[in-house]
Amino acid sequence: MDLKWSLDELYTSFESEDFINDMKKLDSSIKKINDWSEINLNTKDNAIQKIEGYINIQIELNTLFEKLMSFAELTSSVDAKNEKALMIIDKLQTKITELTKPTVKFQRWLNSIENLDKIISSSNILKEHEFYLKEIYNKAKYLLSDEEEILIAKMSNTGSNAWTKLQNILTSTLLVDININGQEKQLPLPIVRNMAYDKDPKIRKTAYEAELKSYKKIEESSAACLNGIKGEVLTVCEMKGYNSPLDMTLIDSRMDRETLNAMLSAIKESLPTFRKYYKRKAELLGYNNGLPFYELFAPMGEIDMNFTYDEAKDYIVKNFRSFSEKLAEFANNAFENRWIDAKPREGKRGGAFCANLHPIKQSRILSNFTGSFSDVITLAHELGHGYHGDCLKDESILNSDYPMPLAETASIFCETIVKNAALKEATSKEAFWILEQSISDAGQVIVDIYSRFLFESNLFEKRKDHALSVRELKELMLDAQKEAYGDGLDENYLHPYMWICKPHYYEAAYNFYNFPYAFGLLFAIGLYAEYLKKGKAFIEEYDRLLAATGKNNAVDVAKLMGIDIRSVDFWRSSLKLIEKDIEKFIELSNSNTN
């Protein structure tokens with residue numbers, strides 16, 4: 001099985017005739033919408049035909065742009081120094097600023113239409129895009145003048161977008177100096193970070209120390225990137241009239257404060273139970289002052305669950321099949337048809353992601369697979385994102401863009417399927433091992449994510465006043481980790497550089513990309529509880545829910561399953577299931593120790 005993905009279904013190369021022609025078509029489409037808006041958006045007559053015309057041009061534009069940008073970004077993600085890819089990304093980002101004027105003009109024009117509901121109801125294509133149109137209508141109040149909007153769009157290419165690119169290059173090309181078994185090596189950052197899962201405690205600690213030391217090489221550059229991006233976000237937020245970057249994120253996330261506050265309240269209540277888990281794990285590993293950060297992912301128990309890539313594929317497909325044939329066949333197709341770039345290598349970015357490619361009705365998944373059970377769960381997670389895209393493939397491309405909180409629903413649901421299927425057939429020792437892995441992952445999504453939310457909240461607050469030094473950024477991160485983990489972790493061994501290795505902080509368009517993970521986990525657990533109640537009848541409802549995520553807000557998507565996400569009780573009920581696992585882990589730990 002080829003462990004590198006194929007992008008040929010998009011384009012065979014930047015020099016291919018198809019790619020060159022599509023770049024030309026994009027130029028034509030951009031000119032078309034600019035000319036169209038100048039001619040058509042000066043009067044309100046023939047409103048139905050005008051809105052239909054705008055939607056059709058946007059579908060054409062979005063399809064072209066997504067294909068071209070996906071090819072360039074996916075190429076760059078596995079080859080950080082690919083100059084052609086970086087040049088094309090830069091060109092496309094510049095081209096997209098040319099859409100600011102017609103986009104803003106249409107938004108203002110649409111906002112001036114008084115009988116929008118009646119107009120929408122009189123056209124099938126407008127009814128199909130009702131949510132899309134009303135979202136444009138409601139966001140018009142945050143618009144600046146045409147000149148200001150164009151200037152912001154253009155300046156972001158030499159501002160936040162440039163900082164993002166620099167940070168990606170810094171972390172993708174960073175080589176860590178490390179001594180492994182007496183041998184001095186230089187290894188890519190993702191490989192060293194993956195050593196946190198190694199069975200040997202010396203390697204885990206050595207990797208942690210080497211990782212932290214390596215960040216000294218890029219800490220000042222990374223701090224400059226972070227300050228530049230967050231400073232721009234604050235400036236734009238203030239100019240546009242948002243109360244804060246968090247409020248802007250919630251609006252873009254189609255989520256309200258009431259929902260966020262309900263979820264965060266339940267999370268804070270659950271922290272003492274997670275700390276019990278961390279302290280028990282520390283005791284089992286021989287530590288008295290809580291768990292050192294480098295032992296967060298230490299494997300527990302005597303079960304050696306390592307997987308070859310082929311074994312991981314079979315394991316995931318088999319367990320997906322316990323839920324539905326459609327999900328299993330989707331995953332099998334992704335493995336067999338080279339939709340996955342599996343292994344870490346120099347120049348490839350760390351972590352994992354899934355890119356849903358709506359124009360070709362496929363996905364591409366990047367992972368840094370080294371064979372751990374956690375890597376298997378990560379693959380299941382990313383395949384969940386891909387399945388979400390598959391459920392949206394027959395929707396209009398304008399109805400395929402779901403918000404951050406709902407983005408994690410299918411991915412974490414797929415994790416839950418694999419973990420629960422594995423637990424069903426596990427012995428006591430295996431159950432202890434799998435349970436610990438599951439709780440460890442949940443701790444990352446609840447406790448660590450909460451620390452990241454605290455960090456970013458405080459970062460924005462301080463950035464209003466001044467650019468933060470490396471020392472201040474490290475202190476903010478340590479304070480956030482102490483508040484979230486409490487006495488569960490040894491405060492002498494935390495991770496002051498978590499702000500460097502997490503790419504989500506470096507996207508100006510995606511602030512607070514932390515709480516959506518907690519939302520996704522707890523919402524998915526709530527959905528899984530519904531599945532256990534309803535059985536096979538749930539599956540079609542679930543697919544419909546995923547298909548609806550691009551054209552509804554979070555509250556209304558949840559209502560499709562009878563769930564009230566504004567209620568603290570819903571979030572508590574999901575967290576209680578994790579807390580039960582923690583109690584079970586502590587009980588099993590008395591008979592299953594290292």
Side-chain angles (χ1 to χ4, degrees), residues 5-14 16-37 40 49-77 85 88-107 110 123-133 135-136 153 337 339 353-365 385-403 407 509 546-551:
W5 59 26
S6 165
L7 301 182
D8 289 353
E9 293 78 5
L10 287 166
Y11 303 101
T12 53
S13 73
F14 293 115
S16 70
E17 190 177 338
D18 286 345
F19 185 85
I20 292 166
N21 286 340
D22 277 356
M23 286 290 280
K24 289 176 183 173
K25 280 183 196 171
L26 181 65
D27 286 335
S28 298
S29 293
I30 290 171
K31 184 178 185 305
K32 179 179 175 182
I33 197 170
N34 273 284
D35 292 346
W36 181 91
S37 65
N40 289 281
Q49 290 79 6
K50 287 177 180 177
I51 301 172
E52 287 177 341
Y54 182 82
I55 284 174
N56 286 325
I57 298 171
Q58 282 292 352
I59 289 171
E60 177 187 319
L61 260 171
N62 276 262
T63 301
L64 268 173
F65 185 80
E66 189 172 313
K67 255 190 100 176
L68 291 162
M69 184 60 98
S70 294
F71 182 67
E73 289 186 333
L74 290 171
T75 300
S76 176
S77 69
I88 294 294
I89 291 168
D90 191 60
K91 273 189 175 181
L92 289 169
Q93 286 175 338
T94 301
K95 285 180 190 294
I96 209 70
T97 63
E98 296 171 35
L99 294 174
T100 304
K101 188 174 181 181
T103 302
V104 170
K105 195 174 179 72
F106 178 77
Q107 198 166 356
L110 189 69
S123 161
N124 286 333
I125 191 170
L126 300 192
K127 279 190 278 189
E128 181 188 355
H129 294 91
E130 179 176 6
F131 184 83
Y132 169 80
L133 291 167
E135 193 168 44
I136 290 173
N337 289 296
W339 290 13
F353 68 76
C354 172
N356 287 326
L357 309 174
H358 192 277
I360 60 170
K361 300 190 176 185
Q362 296 181 10
S363 299
R364 289 297 180 272
I365 289 164
H385 281 303
Y387 184 71
H388 194 164
D390 194 62
C391 289
L392 284 156
K393 69 184 181 186
D394 294 325
E395 295 284 338
S396 159
I397 194 168
L398 304 182
N399 289 336
S400 68
D401 187 18
Y402 45 79
L546 294 179
T549 52
K551 53 187 180 186

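This chain uses plain numbering: 1 for the first residue, then up along the sequence. Keep in mind the model is a prediction, meaning the values are calculated, not measured.
- None of Ile397, Ile360, Leu398, Asp22 except one satisfies the side-chain contact (heavy atoms from CB on, under 4.5 Å) rule with Thr63; the exception is Ile397.
- Residues Ile20 and Glu17 fail the side-chain proximity criterion, which asks for heavy atoms closer than 4.5 Å.
- What you find for Ala153 and Thr97 is that their closest heavy atoms are O-CG2, 3.2 Å.
- A heavy-atom distance below 4.5 Å is not found between the side chains of Phe19 and Thr12.
- At least one cation-pi condition fails for Lys551 and Tyr132: the charged atom is not both under 6.0 angstrom from the six-membered ring centre and inside a 45 degree cone around its axis.
- Under the 3.5 Å distance criterion, the side-chain polar atoms of Lys393 are left unmatched by any main-chain donor or acceptor of Gln362.
- Taking both residues in full, the closest heavy atoms of Ala72 and Ala85 are given as O-CB, 3.7 Å, listed atom of the first, atom of the second, then distance.
- Counting heavy atoms of neighbouring residues, nucleotides and ligands inside a 6.0 Å radius, atom NZ of Lys91 does not exceed 12 of them.
- Remark: the backbone N or O of Gly389 is not paired with any side-chain donor or acceptor of His358 at under 3.5 angstrom.
- Residue Asn124 places its CG atom among 12 or fewer non-hydrogen atoms of other residues, nucleotides or ligands, all under 6.0 Å distant.
- Contact of the Leu357 side chain with the Leu74 side chain is registered, since non-hydrogen atoms from C-beta on lie closer than 4.5 Å.
- Note that CG of Leu392 is 11.5 Å distant from NZ of Lys361, once rounded to the nearest 0.5 Å.
- With contacts defined as side-chain heavy-atom distances shorter than 4.5 Å, the pair Leu92/Leu26 qualifies.
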Can Tyr54 and Thr103 be said to form a side chain to side chain contact (heavy atoms under 4.5 Å, CB included), step by step? CA-CA 10 Å; Tyr54 182 82; Thr103 302; 4.1 Å; yes
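- Going from atom CD of Glu66 over to atom CG of Asp401 covers 8.5 Å, rounded to the nearest 0.5 Å.
- In this structure, CE on Met69 lies 7.5 Å from CD1 on Ile96, to the nearest 0.5 angstrom.
- In this structure, the separation between CH2 on Trp5 and CG on Asn337 is 15.5 Å, given to the nearest 0.5 Å.
- Shown here for Ser6 and Arg364, the closest heavy-atom pair between the two residues is O-NE, 2.7 Å.
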Check step by step if side chain to side chain contact (heavy atoms under 4.5 Å, CB included) holds for Ser363 and Asp390. CA-CA 8 Å; Ser363 299; Asp390 194 62; over 6 Å; no
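- For Asp35 against Lys31, the heavy-atom pair with the smallest separation is OD2-NZ, 2.7 Å.
- When all heavy atoms of Ala407 and His385 are compared, the closest pair comes out as O-CE1, 2.8 Å.
- The closest donor-acceptor contact from the side chain of Asn62 to the backbone of Gln58 lies under 3.5 Å.
- Between Lys95 and Phe65 the shortest side-chain heavy-atom distance does not fall below 4.5 Å.
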Test side chain to side chain contact (heavy atoms under 4.5 Å, CB included) applied to Tyr11 and Lys67, step by step: CA-CA 9 Å; Tyr11 303 101; Lys67 255 190 100 176; 3.6 Å; yes
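- Contact check for Asn56 versus Ile125: side-chain heavy atoms found under the 4.5 Å cut-off.
- Considering only heavy atoms from C-beta on, Phe353 stays 4.5 Å or farther from Ile365 through its side chain.
- The distance from the SG atom of Cys391 to the OH atom of Tyr402 is 10.0 Å, given to the nearest 0.5 Å.
- Listed here is the closest heavy atom pair of Glu395 and Ala547: OE2-O, 3.7 Å.
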Quick one: do Lys101 and Ser37 satisfy side chain to side chain contact (heavy atoms under 4.5 Å, CB included)? Show the steps, please. CA-CA 9 Å; Lys101 188 174 181 181; Ser37 65; over 6 Å; no
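- Between the side chain of Asn399 and the backbone N or O of His129, no donor-acceptor pair lies under 3.5 Å.
- The line from OG of Ser396 to CD1 of Ile59 is 4.0 Å long, rounded to the nearest 0.5 Å.
- Taking the side chain as every heavy atom from C-beta outward, Ser76 and Ile89 approach each other to under 4.5 Å.
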